Amino acid sequence: MVELPHSFIFDIRPIPPFDFELTVRKPAGWSLFTPFEVYEEGTMWTATDLEGVLAGLKLVSEGTVERPGVGVELFLEESPGPDRLLNMKRMLAHDLGADYDLAAFYHFGKKDPILRHAVEDLKGMHSTSQSTIFPDALLSILLQMTNIKRSSQMMDCLLSRYGELAKFDGKQVFGWPRPERVARLEAAQMAAECKFGYRAKRIANLARRFAREGFPSFEELEKLGAEEAKRLLLELPGIGDYSADIINPHGGFPIDTWSADVFGQLFFGERAKEGKKGIDRIKKEGLRRWGKWSWLAFFYVVQDLGNLSRRLDMDLRLV
DNA sequence: GCGTCCAGGTCTACC
DNA sequence: GGTAGACCTGGACGC
């Protein structure tokens, strides 16, 4: 357990529209930073990595969708210098998507027969990220070849056994483990303790690669070209085409066997067929339709399946 | 109760 | 370069 006694209070002024509730608690149940974060009556307590250290966060909405504000209390183990604190504030705003202007995407989306519903339903929902891509890479490995229930079980075990427990503001929140910690573990140990199966070796190899050589941060990947970022991601052990598209900040169209059913219906009026060929066909169509907006389009559609099912008279539920 | 199948991919050997 | 087969585990399903 890591006590975080030093706290710093400040505000973030997101680019509107910014819906706090939709952004920190995605409709599809995606976590903001960790599955162990706590949300009570408009306040979120969570933990993430900022500037290479564990940060506890208390986030509260201080505005409206059109005039947004986020009140932040940042908890740290040690007090940082002023420059470092300033950079942490900037990184957090970036991680919350508060510095991203959705206007151009909404302009595009309103003309699309599918997206126009999603951008109307979820106005102000921002895509969020973490400074290091290690958690997303771990998550993508735990999503491989299993159902969502078992993925959640494996993820909970990973964080509760090997993650960092942040103690702050009367709360305790597990954050994602650091590569150095996982790199010291044997794959067989993780497989036995968390039932990762063959994924244990992939997680161990991934952590050792991060611990040994490091890897560009999310922001550094953003500064690279989309193809270069994906090429680097594909060099990571356990990361293939699907996982790289999930992680890549330039966005791709991360179609798996489940989302292939959803987008198969939306694009072609039928669930996916022909296995991988069907997935390739749907992915191609998504990239053709939505181009540089493919990731945001994917994100908005996946978060809005309930509403889209009613609006388009389709059964887009998970099967 | 038991056997079989398969799920929100990736890697490797083989052609 | 493309492609089949292996890979952990546990829940669903049929019998």
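Residue numbers begin at 1 in each chain, while the letters A, B, ... track the order of the sequences. Just so it is clear, the structure is predicted and the values come from calculations on it, not from any experiment.
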**Asked** A/Leu158 has an atom CG; how far is it from atom C1' of C/dC8, in whole Å?
**Response** 16 Å
**Prompt:** How close or far is atom C1' of C/dG2 from atom CG of A/Asp241, stated in whole angstroms?
**Reply:** 15 Å
**Message:** What's the closest nucleotide to the side chain of A/Arg150 if the choices are C/dC7, C/dG10, B/dT10?
**Reply:** C/dG10
**Item:** Side-chain donor/acceptor of A/Arg202 to base of C/dC8, under 3.5 Å
**Value:** no
**Upstream residue (5' side of DNA chain B) when A/Ile246 and A/Leu234 are each assigned their closest nucleotide** = A/Ile246
**Message:** Please classify the nucleic acid contact of A/Ile141 as base, sugar-phosphate, or nothing, using heavy-atom distances under 4.0 Å.
**Reply:** nothing
**Item:** Nearest-neighbour nucleotide for the A/Asn147 side chain, C/dC8, B/dG8, C/dG10 considered
**Value:** B/dG8
**Message:** In this structure, how many angstroms lie between the P atom of B/dT10 and the CG atom of A/Leu233, rounded?
**Reply:** 12 Å
**Request:** Send over the distance from A/Gln153 CD to C/dC8 P, rounded to a whole Å.
**Result:** 19 Å
**Request:** Check whether any side-chain N or O of A/Ser243 sits under 4.0 Å from OP1 or OP2 of B/dT10, and answer yes or no.
**Result:** yes
**First encountered from the 5' end of DNA chain B, between A/Asp256 and A/Leu236** = A/Asp256
**Item:** Distance, rounded to the nearest Å, where A/Arg199 contributes CZ and B/dA7 contributes C1'
**Value:** 9 Å
**Request:** Show the numbers, then the answer: is there a ring pair (Phe, Tyr, Trp, His ring centres under 6.0 Å) between A/Phe134 and A/Phe215?
**Result:** CA-CA 9 Å; A/Phe134 188 58; A/Phe215 194 78; over 10 Å; no
**Prompt:** If you check the A/Leu143 side chain, which of C/dG11, C/dC8, B/dG8 turns out closest?
**Reply:** B/dG8
**Asked** Whole Å only: how far is the NZ atom of A/Lys201 from the C1' atom of B/dT12?
**Response** 13 Å
**Request:** Take A/Met91 and A/Glu219 through the test side-chain contact (heavy atoms from CB on, under 4.5 Å) and record every step on the way to the result.
**Result:** CA-CA 9 Å; A/Met91 288 172 81; A/Glu219 283 193 87; 3.9 Å; yes
